[in-house]
Amino acid sequence: MAEISASKARTIIRKAFAKGAELDLKPLSVVVLDAGGHVKAFERADGAAPGRFGIAHGKAYGSVMLGIAGTAQMARAEQQAYFMAAMNGVYGGQVVPVPGGVLVRDKRGAVIGAVGVTGDTSDNDVIAAMAGIEAAGLVGES
């Protein structure tokens with residue numbers, strides 16, 4: 001099974017930050033998880049709130065553990081709040097079901113991890129995440 005290398009994880013973060021700077025977004029925090037939900041890399045931009053790791057991690061963790069990107073998680077939460085509440089219970093309250101959690105797939109379509117971005121609006125967080133994922137030669141599903 002393919003995996004996200006440490007080098008690709010750093011590329012994702014660097015390019016997500018670059019996209020944030022290009023769009024003049026608020027300071028971002030970016031986490032990259034492997035397919036098992038383990039942190040490969042994390043960085044918090046200067047000026048980002050100190051609690052942003054938990055939010056970025058929760059966005060990515062929910063995506064990889066459920067196999068459902070953040071946008072779809074939010075829709076599911078709106079339609080079936082009890083389901084997402086139950087899933088959050090199963091995963092110890094670590095799921096943040098909003099856009100900004102992006103599944104990462106290899107070129108064959110296998111899920112190899114997830115990226116969580118937080119700091120600006122959820123839609124802008126997705127834009128930054130997708131820029132980083134694409135720059136690393138991977139496929140994102142938001």
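- Phe42 meets the ring pair (Phe, Tyr, Trp, His ring centres under 6.0 Å) test with Phe53; sequence neighbours excluded.
- Counting only residues at least two apart or on different chains, the side-chain hydrogen bond (donor to acceptor under 3.5 Å, both in side chains) pairs with a member in residues 9-21 are Lys19-Glu22.
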For residues 83-90, run the donor-acceptor check on the side chains, cut-off 3.5 Å, and write out each pair with its distance to 0.1 Å, sequence neighbours left out.
| residue | atom | partner | partner atom | Å |
| --- | --- | --- | --- | --- |
| Asn88 | OD1 | Gln94 | N | 3.2 |
| Asn88 | OD1 | Val95 | N | 3.0 |
| Asn88 | ND2 | Val95 | O | 3.0 |

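- Applying the side-chain contact (heavy atoms from CB on, under 4.5 Å) rule to Ala72 yields the partners Ile68; only residues at least two apart in sequence or on another chain are considered.
- Tracing side-chain contacts under 4.5 Å through hydrophobic residues (I, L, V, M, F, W, Y), one reaches Tyr61 starting from Val111; they form part of the same cluster.
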Pair up each side-chain donor or acceptor in residues 117-134 with any protein partner under 3.5 Å, not counting sequence neighbours, and list the distances.
| residue | atom | partner | partner atom | Å |
| --- | --- | --- | --- | --- |
| Thr118 | OG1 | Arg52 | NH1 | 2.6 |
| Asp120 | OD1 | Asn124 | ND2 | 2.7 |
| Asp120 | OD2 | Lys26 | N | 2.8 |
| Thr121 | OG1 | Asn124 | N | 3.1 |
| Thr121 | OG1 | Asn124 | ND2 | 3.3 |
| Ser122 | OG | Pro99 | O | 3.4 |
| Asp125 | OD1 | Asp120 | N | 3.1 |
| Asp125 | OD2 | Lys59 | NZ | 2.9 |

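- Applying the salt bridge (Lys or Arg N to Asp or Glu O under 4.0 Å) rule to pairs touching residues 88-97 yields nothing, sequence neighbours excluded.
- Note: Asp46 CG to Phe17 CZ = 8.5 Å, rounded to the nearest 0.5 Å.
- Residue pairs satisfying the salt bridge (Lys or Arg N to Asp or Glu O under 4.0 Å) criterion with at least one member in residues 75-92, sequence neighbours excluded, are absent.
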Would you give me the side-chain donor-acceptor pairs under 3.5 Å for residues 31-41, sequence neighbours excluded?
| residue | atom | partner | partner atom | Å |
| --- | --- | --- | --- | --- |
| Asp34 | OD1 | Gly36 | N | 2.9 |
| Asp34 | OD1 | Gly37 | N | 3.1 |
| Asp34 | OD1 | His38 | N | 2.9 |
| Asp34 | OD1 | His38 | ND1 | 3.4 |
| Lys40 | NZ | Ile4 | O | 3.3 |

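- Taking all atoms of both residues into account, the shortest heavy-atom contact from Pro27 to Ala48 is CB-N, 3.5 Å.
- Take Arg105 and apply the salt bridge (Lys or Arg N to Asp or Glu O under 4.0 Å) test, not counting sequence neighbours, and it matches Glu141.
- Val115 and Ile13 fall within a single hydrophobic cluster, where Ile, Leu, Val, Met, Phe, Trp and Tyr side chains are chained together by heavy-atom contacts under 4.5 Å.
- Note on Val96: it does not cluster hydrophobically with Met65, by side-chain heavy-atom contacts below 4.5 Å among ILVMFWY residues.
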Evaluate Ser63 against Gln73 for side-chain contact (heavy atoms from CB on, under 4.5 Å), listing each step before the verdict.
CA-CA 8 Å; Ser63 294; Gln73 286 181 60; 3.3 Å; yes
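- Between Ile112 and the choices Leu138, Leu103, Val139, Val64, the side chain to side chain contact (heavy atoms under 4.5 Å, CB included) rule is met once, by Leu138.
- Applying the side-chain hydrogen bond (donor to acceptor under 3.5 Å, both in side chains) test to every pair with at least one member in residues 108-117, sequence neighbours left out, gives no pairs at all.
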